[in-house]
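Report on one structure; see the data block that follows.
Convention: sequence-line order gives letters A, B, ...; per-chain numbering from 1. Note that the structure is a prediction, hence the values are computed from the model and not measured. These numbers come from the heavy atoms of this one structure, side chains and all, not from hydrogens, waters or symmetry mates.
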Amino acid sequence: MHEHRDDTASKIGMWLFIFTEILLFGGLFIVYAVYRYKNPVAFHLAGEELNVMLGTLNTVVLLISSMTIAMAITAMQRGKTELSLRLLYITIFLAILFMVNKYFEWGFKFEHGIYPSSEYLQSLSRGDILFYGLYFFMTGLHALHIIVGVVFIGFVVYYIKKGKVRQDRFVMLENSGLYWHLVDLIWIFLFPLFYLIH
Amino acid sequence: MSEEKHHIVPFRNHFFVLLALLVLTVVTVAITWTNLGPYNTTTAMIIAGIKAAIVMTYFMHLRFDHKIYTIMVVLVLALFAAVLILTFLDYFYR
């Protein structure tokens, strides 16, 4: 039976989706840039309140997870299915670790009364409100992408186990990798813009 | 086009890419402690740009895949740059 598949088209489709994501976050980065340009002092002071340690830790976690999923593709191409699966499990574990860190990071902020439209936040200056609004929205949207990425990789694991993703047909694994790297790319810019303002 | 050849990137290369990314992360955090004044953000953005380029070139396989992907990425980034520049032209000359 002839099998209908077009890996190149599938991958171009994934890239097109990634472009919409780049433009979505790109728009938010422009909003950030304009507000920071208009409120430089407030952004500077508010940025210093963020936990650089947790931010750096999460950067390292995401970078390592990007490597493990890239390695999972190499393993699959070499026919090492077991190794590929193990690398995907590590990727999922690191993604969850990222979310746990995020939970603590946001938790500390909530404890200090800083959350969207909180009474304390409302009492701060306009620049602070804008900074924290963007911080919660952009890191929140990014965290949502982490969750989607975990689900996506979970599906790939399922299909590998069913033998539908294998050495001679792994475009779905490649696409989940592309998505995961996008999540990493966004964080590469979020990290210095929110945590490293000086 | 499903017969398209696939380049297999060795594990070692992925590891070296990660090392480069980690070094750049350390550099970008370290720069926060030095005082470059207004150049701090510029430097941080340049380093982030280099990191993003490394991720796209190696982890996202742009270097090994068909050129069409790279062309599309460049076009999208150019579109983003155009919108960014236009927005700031508006804000600077208001």
Check each atom of [X] against the heavy atoms of chain B and say whether the ones under 4.5 Å are side chain, backbone, both or neither.
| X | answer |
| --- | --- |
| A:A75 | both |
| A:L23 | side chain |
| A:T59 | side chain |
| A:L62 | neither |
| A:L196 | both |
| A:I64 | both |
| A:Y37 | side chain |

Flag for [Y]-[X]: side-chain donor and acceptor within less than 3.5 Å:
| X | Y | result |
| --- | --- | --- |
| A:R36 | B:T41 | yes |
| A:Y195 | A:E48 | no |
| A:S125 | A:D128 | yes |
| A:H145 | A:E21 | yes |
| A:T8 | B:H66 | no |
| A:T68 | A:T91 | yes |

> Is the count of non-hydrogen atoms from other residues, nucleotides or ligands lying under 6.0 Å from A:F104 atom CZ greater than 12?
Replying inline: no
So which part of [X] gets closer than 4.5 Å to some heavy atom of chain A, the side chain, the backbone, both or neither?
| X | result |
| --- | --- |
| B:L19 | neither |
| B:T34 | backbone |
| B:T28 | both |
| B:L18 | side chain |
| B:F92 | both |
| B:F88 | side chain |
| B:L24 | neither |

> Can the ring centroids of A:H142 and A:F194 be said to lie less than 6.0 angstrom from one another?
Replying inline: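 No, they do not, as the ring centres are separated by 6.0 Å or more.
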>> Out of A:D184, A:L193, A:I197, return the one with the most heavy atom pairs under 4.5 angstrom to chain B.
In response: A:L193
Output the option from [options] having the highest count of non-hydrogen pairs under 4.5 Å with chain A.
| options | value |
| --- | --- |
| B:F80, B:F59, B:Y91 | B:F59 |
| B:V73, B:V17, B:L79, B:T87 | B:V73 |
| B:M56, B:K51, B:H61 | B:K51 |

>> Checking the side chain of A:N39 only, and the main-chain atoms of A:Y35 only, is there a donor and an acceptor separated by less than 3.5 Å?
In response: yes
>> Given 3.5 Å as the limit, does a donor-acceptor pair link the side chain of A:S10 with the main chain of A:D6, or not?
In response: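 No; judged by distance alone, with no hydrogens or angles, the pair does not exist.
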Parallel, tilted or perpendicular, judged at 30° and 60°: which one describes the rings of [X] and [Y]?
| X | Y | value |
| --- | --- | --- |
| B:F64 | B:H7 | parallel |
| A:Y135 | A:F131 | parallel |
| A:W187 | A:F98 | perpendicular |

>> Sort by residue number and list every residue of residues 151-180 of chain A having at least one heavy atom under 4.5 Å from chain B.
In response: A:F170, A:E174, A:L178
>> What I want to find out is whether A:D7 reaches A:K11 closely enough, with some N-O distance under 4.0 Å, to be called a salt bridge.
In response: no
>> Once salt bridge (Lys or Arg N to Asp or Glu O under 4.0 Å) is applied, do any residues pair with A:K109, and if so which ones, sequence neighbours excluded?
In response: none
